[in-house]
Colleague: 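The structure follows.
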Amino acid sequence: MSYDRYLAICNPLCYSSIINRKLCVKLIVMSWLLVLSFTPVTLITAATQEFCNRYTINHFFCDYFPLLELSCSEATLARILAMAVSVPVILFPFLLITGSYICIAHEILKITSNIGRQKAFSTCSSHLAVVSIFYGSLIVTYVVPTRNQSQTIGKLLSLLYTVVTPFINPMIYSLRSTDMKNALKKIIQ
């Protein structure tokens with residue numbers, strides 16, 4: 001989505017020749033392959049752990065680090081591997097998105113009219129807000145070492161990327177539509 005925004009704002013004349021069905025399929029396949037290529041590492045490290053009569057995870061769902069907390073065997077290597085795997089899976093897309101938004105901001109600041117600048121910023125602001133919440137909570141949860149982090153904070157962060165982001169995503173994007181705004185005004189009145 002950030003690449004789409006980047007092309008629409010920074011290179012609008014080439015947009016329709018670059019963004020096509022084939023490119024969209026390639027981007028989707030690449031993102032799935034990136035994630036699925038690292039899944040066996042975490043799966044194997046979790047499967048090799050020994051669990052001793054503790055079957056209740058102190059979490060909302062079976063997340064990886066709370067699962068390792070139940071392990072009776074040494075889980076340090078599993079934690080290090082999980083963080084090492086998280087770096088490319090989380091940071092690579094985040095850096096690409098951030099880079100595209102830096103280029104977009106640079107182009108937007110070149111726009112002389114206030115209306116054009118406001119329109120360009122409003123196009124990107126909703127996606128940037130959702131991306132910030134999602135990746136911010138993921139980075140704090142999986143990339144930054146969280147050995148001394150309280151379980152309550154871990155639960156709240158996981159709620160951000162599993163519940164809050166998918167919940168607000170449709171609201172943010174639909175409220176940008178004038179049809180949705182008008183329908184919401186009719187409901188409120």
Side-chain angles (χ1 to χ4, degrees), residues 1-36 38 60 83 85-146 149 152-189:
M1 194 163 202
S2 64
Y3 184 64
D4 177 71
R5 301 277 194 262
Y6 167 77
L7 284 177
I9 292 173
C10 298
N11 210 349
L13 297 177
C14 297
Y15 179 84
S16 60
S17 64
I18 295 173
I19 296 292
N20 55 37
R21 186 176 180 85
K22 187 177 179 181
L23 178 69
C24 292
V25 169
K26 281 182 183 178
L27 291 172
I28 290 168
V29 168
M30 284 178 14
S31 63
W32 275 101
L33 288 177
L34 176 68
V35 171
L36 293 176
F38 293 110
F60 296 119
M83 283 186 231
V85 165
S86 298
V87 169
V89 170
I90 296 171
L91 287 182
F92 180 68
F94 178 69
L95 291 175
L96 286 175
I97 292 168
T98 304
S100 69
Y101 276 112
I102 288 171
C103 293
I104 289 169
H106 185 264
E107 287 298 316
I108 289 174
L109 292 175
K110 290 180 183 177
I111 297 173
T112 55
S113 75
N114 286 336
I115 295 171
R117 194 178 303 146
Q118 184 180 9
K119 186 176 179 183
F121 268 125
S122 72
T123 302
C124 300
S125 61
S126 56
H127 182 244
L128 193 57
V130 172
V131 163
S132 299
I133 293 169
F134 181 73
Y135 278 103
S137 59
L138 277 180
I139 289 169
V140 171
T141 302
Y142 293 107
V143 177
V144 177
T146 58
Q149 181 178 331
T152 306
I153 292 173
K155 288 178 184 179
L156 289 174
L157 287 171
S158 65
L159 272 178
L160 278 176
Y161 70 84
T162 58
V163 177
V164 174
T165 304
F167 180 73
I168 65 172
N169 218 355
M171 287 190 293
I172 286 175
Y173 291 115
S174 63
L175 287 177
R176 290 191 62 241
S177 164
T178 53
D179 294 337
M180 288 300 290
K181 286 180 186 176
N182 293 336
L184 187 62
K185 286 178 185 176
K186 285 182 182 178
I187 292 172
I188 292 173
Q189 293 174 350

Colleague: State, without any angle test, whether N11 and Y6 hold a side-chain donor-acceptor pair at a distance under 3.5 Å.
Modeller: no

Colleague: Between P88 and P93, what is the shortest heavy-atom contact and its length?
Modeller: O-CD, 3.5 Å

Colleague: With Y15, which of I18, L13, I19 fulfils side-chain contact (heavy atoms from CB on, under 4.5 Å)?
Modeller: I19

Colleague: Please list all pairs meeting ring pair (Phe, Tyr, Trp, His ring centres under 6.0 Å) that have one or both residues in residues 93-131, counting only residues at least two apart or in different chains.
Modeller: F94-Y135, Y101-H127

Colleague: Give the minimum heavy-atom separation between R117 and T112, together with the two atoms involved.
Modeller: NH2-O, 3.8 Å

Colleague: Take a 6.0 Å sphere around CD1 of I115 and say whether it holds more than 12 heavy atoms from other residues, nucleotides or ligands.
Modeller: no

Colleague: Once you round to the nearest 0.5 Å, how far does CG of L91 lie from CG of L96?
Modeller: 11.0 Å

Colleague: Could you state the interatomic distance from CG (L157) to CD1 (I139), rounded to the nearest 0.5 Å?
Modeller: 11.5 Å

Colleague: Is the number of heavy atoms from other residues, nucleotides or ligands within 6.0 Å of CD (Q118) greater than 12?
Modeller: no

Colleague: According to ring pair (Phe, Tyr, Trp, His ring centres under 6.0 Å), who are the partners of Y161, at least two apart in sequence or on a separate chain?
Modeller: Y142

Colleague: For a side-chain contact (heavy atoms from CB on, under 4.5 Å) with I104, tell me which candidate from L128, I9, L109, L7 qualifies.
Modeller: I9

Colleague: Which is it for I133 and I168 under the side-chain contact (heavy atoms from CB on, under 4.5 Å) test, yes or no, and what are the steps along the way?
Modeller: CA-CA 10 Å; I133 293 169; I168 65 172; 3.8 Å; yes

Colleague: Going from OG on S158 to CG on L138, what distance comes out if it is rounded to the nearest 0.5 angstrom?
Modeller: 10.0 Å

Colleague: Report the distance from atom CD1 of I97 to atom OH of Y3, rounding to the nearest 0.5 Å.
Modeller: 14.0 Å

Colleague: Of all the heavy-atom pairs spanning S113 and G116, show the shortest one and how long it is.
Modeller: OG-N, 3.1 Å

Colleague: What closest approach, in Å, do T162 and P166 show between heavy atoms, and which atom pair accounts for it?
Modeller: O-CG, 3.4 Å

